[in-house]
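Notes follow once the structure below has been shown.
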Amino acid sequence: MDKLFLRTILCIQIIIILWLYKNIHSFIYRKSAKLLFVDFSPQENPSNIIHFFSRIIGIGYIFSALYFDLSNGIFYGVLLFFIQAIVLLILFISSTYILKSIGLYNFEFEDEIIKRKNTCYALIDMTIVFCSAFILRSSVHASYSTDLNILIVLSIGLVILGLAIKFYKYFSIFNFNRLILNKNLALSFSFMGYLLGWMLLLTSALKNNIDQIEIYTMKVILKMLLSTIIFPLLKTSMIFLFNLKQKNLIQTQSDLNAPSLGVGIYEGTLFLTSCHLTTIITGHILYGPYYTHF
């Protein structure tokens with residue numbers, strides 16, 4: 001019964017934090033706050049459902065890195081958990097805002113979600129939110145919950161992920177802005193695989209012990225550079241081994257303006273698979289005593 005009571009307290013805390021996020025969300029999108037929760041129907045506007053609940057899933061994933069520590073008493077445990085949760089919530093909202101400002105700066109939430117019900121925009125937004133949550137959770141693990149280290153590691157992750165978003169046009173055959181305006185789902189699947197792949201590379205690079213920030217930063221950058229060398233080799237090998245006819249994806253101008261869903265899924269899965277295999281090569285080798293640690 002005591003343990004059930006403690007779990008009930010933890011549940012109430014999470015509900016309170018979600019209520020706080022609802023109010024913060026309404027403040028951020030205050031121009032359309034009345035429309036966000038008055039008629040929150042999946043039948044009327046599924047894009048709004050994707051937009052909002054992707055953030056709830058992201059919050060839950062981040063909170064899974066926290067623990068309800070009762071070793072110093074219940075009051076201390078409740079207070080510590082609540083403070084940590086609020087700090088991570090603020091960092092999550094801030095990092096999501098930064099990444100969206102980099103990737104979706106030409107688009108407004110009110111226009112794409114509320115007015116146009118743009119599912120393509122909502123899926124891209126969801127991908128950015130998930131990547132932000134994964135990077136923040138990796139920052140918590142890498143920094144041993146030290147506030148200053150979390151900020152430093154998160155800043156490194158946001159810079160690299162922001163550059164990845166900017167470089168999407170060099171890795172894809174799609175026109176990003178035009179296809180969002182056309183509500184083309186092929187772009188959303190391509191971008192999802194691309195950014196999730198970069199997120200896998202980045203979270204693998206962040207798994208280092210922080211002794212000195214300068215050395216840690218250099219390790220992350222070097223590992224990302226190593227990944228960029230190995231990734232194209234794996235991607236090219238997969239295209240050759242499985243006879244993927246990449247040259248015939250886009251044949252006409254109409255295909256470029258309105259690509260099929262299969263082309264987007266092909267691009268996204270190819271990139272995500274190549275990145276996942278890259279993390280095995282860069283992060284799953286145990287050198288043992290034969291090489292000195294760098």
Side-chain angles (χ1 to χ4, degrees), residues 46-47 50-51 53-55 57-58 61 95-96 99-100 102-104 107 118-135 137-138 157-158 160-180 182-206 223-224 227-250 255-256 258-283:
S47 300
I50 295 173
H51 173 269
F53 279 97
S54 62
R55 286 156 172 77
I57 295 173
Y61 182 75
S95 60
T96 302
L99 293 178
K100 280 192 62 180
I102 296 173
L104 298 171
F107 305 93
N118 192 339
T119 305
C120 174
Y121 174 91
L123 290 174
I124 292 174
D125 175 86
M126 179 189 70
T127 306
I128 292 175
V129 170
F130 284 172
C131 289
S132 176
F134 273 88
I135 297 304
R137 193 176 191 275
S138 299
L158 290 178
I160 296 175
L161 207 60
L163 290 174
I165 294 174
K166 282 294 186 182
F167 289 159
Y168 173 73
K169 59 184 178 181
Y170 300 110
F171 289 90
S172 175
I173 58 177
F174 295 151
N175 187 307
F176 187 81
N177 292 333
R178 181 172 59 194
L179 292 182
I180 289 183
N182 293 340
K183 302 182 182 180
N184 191 280
L185 291 179
L187 171 70
S188 59
F189 282 97
S190 171
F191 186 83
M192 286 171 66
Y194 170 82
L195 198 60
L196 290 174
W198 269 99
M199 182 270 298
L200 290 178
L201 296 178
L202 184 54
T203 52
S204 176
L206 292 176
K223 200 167 185 180
M224 290 301 300
S227 298
T228 57
I229 295 173
I230 297 174
F231 161 75
L233 298 176
L234 289 173
K235 182 181 177 183
T236 305
S237 299
M238 289 181 61
I239 294 173
F240 175 76
L241 290 174
F242 298 105
N243 195 24
L244 300 175
K245 299 178 180 179
Q246 194 171 15
K247 295 182 179 180
N248 298 326
L249 291 178
I250 301 296
D255 292 337
L256 187 62
S260 65
L261 184 61
V263 179
I265 294 175
Y266 162 78
E267 268 202 356
T269 52
L270 179 62
F271 198 94
L272 181 59
T273 305
S274 301
C275 289
H276 179 62
L277 294 177
T278 301
T279 60
I280 298 175
I281 297 175
T282 58

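Side chains included, hydrogens not; waters and symmetry mates left out as well; all remaining heavy atoms used. All values reported here derive from a predicted model rather than from experimental measurement.
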Got a donor-acceptor contact below 3.5 angstrom from the Arg137 side chain to the Tyr61 backbone?
-> yes
Asn184 side chain to Cys120 main-chain N or O, any donor-acceptor pair under 3.5 Å?
-> no
Would you sort out whether Lys183 and Thr119 count as a side chain to side chain contact (heavy atoms under 4.5 Å, CB included), showing the intermediate values?
-> CA-CA 7 Å; Lys183 302 182 182 180; Thr119 305; over 6 Å; no
Expected output: side-chain Ser54 to main-chain His51 donor-acceptor under 3.5 Å = yes
Residues in ring pair (Phe, Tyr, Trp, His ring centres under 6.0 Å) contact with Phe107, at least two apart in sequence or another chain = none
What's the spacing between Phe171 CZ and Lys235 NZ if we round to 0.5 Å?
-> 7.5 Å
Please identify each residue that fulfils side-chain hydrogen bond (donor to acceptor under 3.5 Å, both in side chains) with Ser204, with sequence neighbours left out.
-> none
The side-chain hydrogen bond (donor to acceptor under 3.5 Å, both in side chains) partners of Ser138 (sequence neighbours excluded) come to none
Between CD1 of Ile180 and CG of Asn175, what distance do you get to the nearest 0.5 Å?
-> 9.5 Å
Answer yes if the ring centres of Phe231 and Phe271 are under 6.0 angstrom apart, and no otherwise.
-> yes
Thr278 side, atom OG1; Leu234 side, atom CG - distance, nearest 0.5 Å = 4.5 Å
Where do Cys131 and Leu161 come nearest, in terms of heavy atoms and distance?
-> CB-CD2, 3.7 Å
Is there a donor-acceptor contact under 3.5 Å from the side chain of Asn118 to the main chain of Ser47?
-> no
For Ser132, check side-chain hydrogen bond (donor to acceptor under 3.5 Å, both in side chains) against everything at least two apart and list the hits.
-> Ser95, Thr96
Output a table of donor-acceptor pairs, distance under 3.5 Å, between side-chain atoms of residues 195-203 and any protein atom two or more places apart or on a different chain; print 'none' if there are none.
| from | atom 1 | to | atom 2 | distance (Å) |
| --- | --- | --- | --- | --- |
| Trp198 | NE1 | Tyr194 | OH | 3.3 |
| Thr203 | OG1 | Met199 | O | 2.9 |
| Thr203 | OG1 | Leu200 | O | 3.1 |

Looking at OG1 of Thr269 and NE2 of His276, how far apart are the two atoms once the value is rounded to the nearest 0.5 Å?
-> 13.5 Å
Using atom types as modelled and distance alone, determine if a side-chain donor or acceptor of Thr273 lies under 3.5 Å from a backbone N or O of Leu270.
-> no
How many angstroms lie between CD1 in Ile165 and CD1 in Ile128, if you round to the nearest 0.5 Å?
-> 4.5 Å
Trace of the side chain to side chain contact (heavy atoms under 4.5 Å, CB included) decision for Phe176 with Leu104 = CA-CA 10 Å; Phe176 187 81; Leu104 298 171; 4.0 Å; yes
Side-chain donor-acceptor distances from residues 185-193 under 3.5 Å, at least two apart:
| from | atom 1 | to | atom 2 | distance (Å) |
| --- | --- | --- | --- | --- |
| Ser188 | OG | Leu185 | O | 2.5 |
| Ser190 | OG | Tyr168 | OH | 2.8 |
| Ser190 | OG | Glu267 | OE1 | 2.5 |

What is the distance from atom NZ of Lys169 to atom CG of Asn177, rounded to the nearest 0.5 Å?
-> 9.5 Å
